Amino acid sequence: MNIFRFLADLSHMASIVILILQIRKTKSAAGVSYKTQFLYALVFVTRYIDIFFHYVSLYNTFMKIFFVTSTIYILYLMRVQYKPSHDPNIDTFRIEYIIAPSAVLALIINHGYTLYEILWSFSVWLESGAILPQLFMLQRTGEAETLTVHYIFALGIYRLLYIPNWIYRYVTEGRVEPIAFLASLIQTALYSDFFYIYYTKVMQGKKFELP
Amino acid sequence: SGDKADHDEL
């Protein structure tokens with residue numbers, strides 16, 4: 001494991017921890033998109049189904065369990081514990097527009113026509129668009145809690161760092177993963193606007209407000 | 001590696 005991948009996984013973990021702490025501390029899930037969290041839960045469940053038959057390492061297994069359980073815990077916090085704080089009226093992105101194209105892409109572009117490979121490909125495409133409801137919600141409200149902004153930033157950094165990881169692995173191991181590489185490029189592009197505003201506002205101590 | 005899928009990442 002190289003440094004890019006390790007830091008990527010850490011920032012991915014950090015993003016989830018930030019989100020859980022925010023919801024618990026403020027006893028509110030205001031500003032957090034339930035739809036995005038639901039899509040991530042779907043991403044993890046469809047991708048990590050291999051936990052039962054494909055052992056990689058203790059690290060890998062531990063992280064898979066962490067991502068699945070922590071995301072389902074967020075769904076629980078939003079749906080049960082702090083339900084009144086979440087306003088579905090501003091979380092209006094149609095998730096069919098992400099799920100359907102991901103399913104089509106998974107059927108066309110995959111590593112083989114087995115249930116496992118199709119689900120894996122589906123999860124990769126789905127992940128590339130899963131942040132859209134959250135970004136859409138941010139655009140509707142125009143501003144966000146600092147922690148929500150840090151959450152999205154940490155998530156963007158995670159995806160960005162996987163790109164140098166794949167370049168590094170291509171150079172040192174000759175390993176190629178075109179599906180994940182392409183999906184990650186798309187995903188990082190979706191964050192570019194957000195990164196720009198984060199840099200120009202949040203980095204200078206200002207409130208996150210859209211122009 | 002290369003052609004064969006090797007999903008060892010998260």
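This structure is a prediction, so every number in the text was calculated from the model and none was measured. A note on names: the letters A, B, ... follow the listed sequences, proteins ahead of strands, and every chain is numbered from 1.
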Margin query: Between A:Asn60 (side chain only) and B:Leu10 (backbone N and O only), is there a donor and an acceptor less than 3.5 Å apart?
Written below: no

Answer yes or no: does atom [atom1] of [X] have more than 12 heavy-atom neighbours from other residues, nucleotides or ligands under 6.0 Å?
X: A:Tyr59; atom1: OH; result: yes
X: A:Phe38; atom1: CZ; result: no
X: A:Phe195; atom1: CZ; result: yes
X: A:Tyr82; atom1: OH; result: yes
X: A:Phe62; atom1: CZ; result: no
X: A:Tyr55; atom1: OH; result: yes

Could you look at [X] and say if it's the side chain, the backbone, both or neither that has a heavy atom under 4.5 Å from chain B?
X: A:Tyr116; value: side chain
X: A:Phe44; value: neither
X: A:Tyr48; value: side chain

Check: Can you list the residues that meet the side-chain contact (heavy atoms from CB on, under 4.5 Å) rule with A:Leu105, with sequence neighbours excluded?
Finding: A:Ile109, A:Trp125

Note to self: Run the side-chain contact (heavy atoms from CB on, under 4.5 Å) test against A:Tyr76 and tell me which residues pass, sequence neighbours left out.
What the structure shows: A:Tyr73, A:Val80, A:Gln81

Next item on the list: Using heavy atoms and a sub-4.5 Å threshold, report which of residues 2-26 of chain A line up against chain B, by residue number.
Entry: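 Within residues 2-26 of chain A, the residues under 4.5 Å from chain B are A:Arg5, A:Asp9.
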
Next item on the list: For the pair A:Val124 and B:His7, evaluate side chain to side chain contact (heavy atoms under 4.5 Å, CB included) and give the outcome as yes or no after the intermediate values.
Entry: CA-CA 11 Å; A:Val124 169; B:His7 306 310; over 6 Å; no

Next item on the list: Classify the side-chain pair B:Glu9/A:Asn165 by whether it contains a donor and acceptor separated by less than 3.5 Å.
Entry: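 The criterion, which ignores hydrogens and geometry beyond distance, is satisfied for A:Asn165 and B:Glu9.
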
Checklist line | Residue pairs fulfilling salt bridge (charged side-chain N to carboxylate O under 4.0 Å, His left out) with at least one residue in residues 103-128 of chain A, sequence neighbours excluded | finding: A:Arg47-A:Glu127, A:Glu127-A:Arg159

Note to self: Using the rule side chain to side chain contact (heavy atoms under 4.5 Å, CB included), only one of A:Arg175, A:His111, A:Glu173 pairs with B:Asp6; which is it?
What the structure shows: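 Exactly one pass, corresponding to A:Arg175.
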
